[in-house]
Amino acid sequence: MTTNMAERSRTAETGSVIGGDEIIAGNVNKYTVLPTGYSGQPKKGHLVFDACFESGNLGRVDHITEFEYDLFIRPDTCNPRFRVWFNFTVENVKESQRVIFNVVNFSKTKSLYRDGMAPMVKSTSRPKWQRIPSKNVYYYRCPDHRKNYVMSFAFCFDRENDTYQFAYCYPYTYTRLQHYLDNLQRRNMDYFCRELLGLSVQRRQLDLLTITSPEDKTDLENSVMQKKIKIPKLSLNHVEETGEVTDYGEEDVELRHSKRQDGRKQSEGTHKSIEAVVARLEKQNGMSLSNTSSPEEAFMEASEGMNNMDDAVVPRILYEELLRSYQQQQEEMRHIQQELERTRRQLVQQAKKLKEYGALVSEMKELRDLNRRLQDVLLLRLGSGPAIELEKVKPETIEPEPEVQKTFSEEANTSTYFPAPVPVMDKYILENGKVHLGSGIWVDEEKWHQLQVTQGDSKYTKNLAVMIWGTDVLKNRSVTGVATKKKKDAVPKPPLSPHKLSIVRECLYDRIAQETVDETEIAQRLSKVNKYICEKIMDINKSCKNEERRESAKFNLQ
């Protein structure tokens with residue numbers, strides 16, 4: 001058993017490389033799918049597939065992963081172009097085992113699976129057929145399988161001892177049909193007549209059913225014999241000569257080639273069936289197709305005439321059916337060509353968009369690199385000079401201007417009541433009534449204590465900025481050094497010193513760290529430092545403009 005399974009696995013692997021359907025010779029028979037590299041006895045969960053029963057169809061199974069399997073269905077008998085039906089069983093499952101089955105070689109471009117239809121499933125403990133939920137079914141064209149249409153569905157096995165059966169739709173077997181016809185025949189109904197028309201390729205009988213009143217049965221047979229017409233050649237060679245359809249693509253060339261090969265077999269089978277009908281009707285009614293002496297000679301002459309395709313004679317019903325089929329194929333061919341043209345145009349548009357997007361991405365990368373280099377150069381030029389000068393200045397020479405003191409007192413005094421001053425933190429150096437914040441920056445001790453009792457991050461940051469830079473410096477500076485976009489003719493102002501901005505952030509961080517330990521909240525509050533300083537610069541500029549207006553008004557009054 002293990003040797004047979006290994007040979008079957010090697011055959012499946014060879015078929016997956018070749019990718020052809022001709023190697024699928026028969027249905028799988030109790031085939032255990034083992035993982036790659038596994039050589040022991042099958043375990044629970046190693047699925048066993050079987051399709052060797054009536055109406056079963058499953059030619060090959062490929063193990064993709066532990067949860068996914070590729071299923072190859074066999075084509076119709078004597079017609080390899082059509083691959084639609086599947087019906088198989090699965091056993092040796094585990095409880096709650098989830099799988100994905102991919103039926104990878106469908107031949108139909110349009111299927112009801114796109115409109116909500118789902119495969120059927122039943123098990124030994126639940127023999128009633130049920131549909132798999134449509135949300136677990138997908139029908140698409142897969143480039144990994146020669147652009148064939150693939151139907152994938154997910155399923156979860158819930159009972160280990162059950163054997164599950166999956167099918168395209170409700171199966172209706174040949175045996176069930178024969179039983180049904182036998183029951184009808186045993187009733188001996190006058191309006192029902194069952195006769196043997198011929199045998200199939202697999203030697204199964206083909207029944208001819210006639211449902212009509214007894215007196216009309218003879219008239220029906222006579223009318224069938226009288227309504228015989230000549231069939232024109234409905235081959236694809238004629239279409240190519242007329243030039244109606246020229247571009248089919250590689251896939252359609254293969255289909256036309258296979259159709260020419262199978263056409264001979266179909267025409268031979270059609271001739272034999274027609275000959276059987278003609279012979280039976282002639283024997284029953286004693287009709288003669290020509291002026292021959294015996295029915296045998298008439299039958300031979302009719303057979304020779306039917307073998308010639310130019311003078312083929314068949315009943316009108318068969319001709320109309322063939323003509324409708326031919327017209328439907330032409331209509332489908334036109335739809336396929338239109339769909340291909342739409343897809344080509346969409347691909348061209350997407351290619352143009354991707355090209356433009358790639359150019360924009362490369363340009364953005366260049367701009368970002370240039371921006372980083374400019375920022376580095378600007379920080380080096382602005383950060384080196386002021387820091388050296390501040391180191392040379394003595395603490396005693398820093399005297400706050402009266403305007404700074406006035407502005408600070410207006411913004412810092414939020415109420416008439418002042419709490420007790422907060423002690424100076426250990427990290428700040430206190431010397432001669434001054435507090436050293438770092439990088440050579442000194443502030444007055446009394447103002448520093450008043451700043452510590454200020455409520456709110458906004459006022460704290462604004463007052464600290466006034467203490468460090470002063471109003472005269474702030475009104476002529478900006479945080480980033482970039483001109484505003486609100487005014488077209490705006491001139492960019494020099495940016496604030498980066499090392500002083502870092503001092504402001506450190507002081508605010510020490511203040512926030514005493515209130516909370518949440519890093520997210522701290523980072524969020526620190527990110528608003530630039531915004532607070534920008535608001536302070538705007539307030540200073542507004543106050544300066546208002547002062548200028550008041551002075552100009554006084555001057556005009558005088």
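Predicted model, so just to flag it, every value in this text is computed and none were measured. Just so it is clear, the values below take in all heavy atoms, side chains as well, and ignore hydrogens, waters and symmetry mates. In this chain, residues are counted from 1 in sequence order.
Using a 4.5 Å cut-off on side-chain heavy atoms (C-beta onward), Arg345 and Glu341 make contact. The side-chain heavy atoms of Pro35 and His63, taken from C-beta on, include a pair separated by under 4.5 Å. A 4.5 Å side-chain heavy-atom check between Leu181 and Leu209 finds at least one atom pair inside the cut-off. Within the 4.5 Å cutoff, side-chain heavy atoms of Phe49 are placed close to those of Leu58. With contacts defined as side-chain heavy-atom distances shorter than 4.5 Å, the pair Thr109/Arg141 qualifies. Between Lys43 and Tyr38, some side-chain heavy-atom pair lies under the 4.5 Å cut-off. Inter-residue side-chain proximity for Arg146 and Val104 is flagged as unmet; no heavy-atom pair is nearer than 4.5 Å. At a threshold of 4.5 Å between non-hydrogen side-chain atoms, the residues Arg83 and Asn148 count as touching.
Interatomic distance, Gln165 CD to Trp129 CH2, rounded to the nearest 0.5 Å: 4.0 Å. We find the CG-CD1 distance between Asn136 and Ile100 to be 9.5 Å, quoted to the nearest 0.5 Å. One distance of note links CD1 of Ile73 with CG of Asn105; it measures 5.0 Å at 0.5 Å rounding. Interatomic distance, Glu320 CD to Ser325 OG, rounded to the nearest 0.5 Å: 13.5 Å. To the nearest 0.5 Å, atom CG of residue Asp76 and atom CZ of residue Arg74 are 9.5 Å apart. Interatomic distance, CZ of Arg204 versus OG1 of Thr175, reported as 8.0 Å (0.5 Å rounding).
Residues Pro119 and Met151 approach most closely at CG-CE, 3.7 Å, considering heavy atoms. Residue Val137 comes nearest to Pro133 through the heavy atom pair CG2-O, 3.7 Å, listed as atom of the first residue, atom of the second, then distance. Closest non-hydrogen pair, Ala51 versus Asn57, comes out as CB-N, 3.9 Å. Of all heavy-atom pairs spanning Val99 and Leu47, the tightest one is CG1-CD1, 4.1 Å. Across Tyr138 and Lys135, no two heavy atoms sit closer than the pair OH-O, 3.2 Å. Here the shortest heavy-atom pairing between Gly45 and Gln97 reads O-NE2, 3.1 Å.
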What side-chain donor-acceptor pairs closer than 3.5 Å can you find for residues 356-371, not counting sequence neighbours?
| from | atom 1 | to | atom 2 | distance (Å) |
| --- | --- | --- | --- | --- |
| Ser362 | OG | Gly358 | O | 3.3 |
| Ser362 | OG | Ala359 | O | 2.7 |
| Asp369 | OD1 | Arg372 | NH1 | 3.0 |

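For Ser125, the side chain to side chain contact (heavy atoms under 4.5 Å, CB included) test picks out Ser123, Arg159, Asp162, with sequence neighbours left out. Under the rule for a ring-ring contact (aromatic ring centres under 6.0 Å, His included), His145 has no partner lying at least two apart in sequence or in another chain. Here Gln178 pairs with Tyr174, Arg194, Gln205, Asp207 under the side-chain hydrogen bond (donor to acceptor under 3.5 Å, both in side chains) rule; sequence neighbours left out. Remark: Phe166 pairs with Phe88, Phe101, Phe153, Phe155 by the ring-ring contact (aromatic ring centres under 6.0 Å, His included) rule, at least two apart or across chains. By the ring-ring contact (aromatic ring centres under 6.0 Å, His included) test, Tyr180 pairs with no residue at all, sequence neighbours left out.
Between Arg342 and Glu339, no side-chain nitrogen of the basic residue sits less than 4.0 Å from a carboxylate oxygen of the acidic one, so the salt-bridge criterion is not met.
Judged purely by atom type and a 3.5 angstrom limit, Trp85 uses its side chain to pair as donor or acceptor with the backbone of Ser55. Using a distance-only test at 3.5 Å, with no hydrogens or angles considered, no donor-acceptor pair links the side chain of Asn79 to the main chain of Pro75. When atom types are taken as modelled, the side chain of Glu521 and the backbone of Thr516 share no donor-acceptor pair closer than 3.5 angstrom. Judged by distance alone, the side chain of Arg131 and the main-chain N or O of Ala118 form a donor-acceptor pair under 3.5 Å. Listed for the Thr89 side chain is a donor-acceptor partner under 3.5 Å among the backbone atoms of Asp50. In this structure, the side chain of Asn27 does not engage the main chain of Cys52 through any donor-acceptor pair within 3.5 Å. Here the side chain of Tyr113 pairs no donor or acceptor atom with the backbone of Lys110 at under 3.5 angstrom.
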Asn92/Lys44 under side-chain contact (heavy atoms from CB on, under 4.5 Å): CA gap, chis, key distance, verdict: CA-CA 6 Å; Asn92 196 33; Lys44 203 70 172 177; 3.5 Å; yes
Chi angles and distances behind the side-chain contact (heavy atoms from CB on, under 4.5 Å) call for Lys108, Tyr149: CA-CA 7 Å; Lys108 292 185 66 176; Tyr149 281 86; over 6 Å; no
Pair His335-Glu331, side-chain contact (heavy atoms from CB on, under 4.5 Å): steps then yes or no: CA-CA 6 Å; His335 288 315; Glu331 188 68 22; 3.2 Å; yes
Working for side-chain contact (heavy atoms from CB on, under 4.5 Å), residues Asn87 and Tyr168: CA-CA 7 Å; Asn87 188 5; Tyr168 178 85; over 6 Å; no
Trace of the side chain to side chain donor-acceptor pair (under 3.5 Å) decision for Asp115 with Tyr139: CA-CA 10 Å; Asp115 299 328; Tyr139 191 81; over 6 Å; no
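Counting non-hydrogen atoms of other residues, nucleotides and ligands closer than 6.0 Å to CD of Gln185 gives a total above 12. The 12-atom threshold is not exceeded at OH of Tyr509, counting heavy atoms of other residues, nucleotides or ligands nearer than 6.0 Å.
A side-chain N or O of Asn102 and one of Asp70 form a donor-acceptor pair less than 3.5 Å apart.
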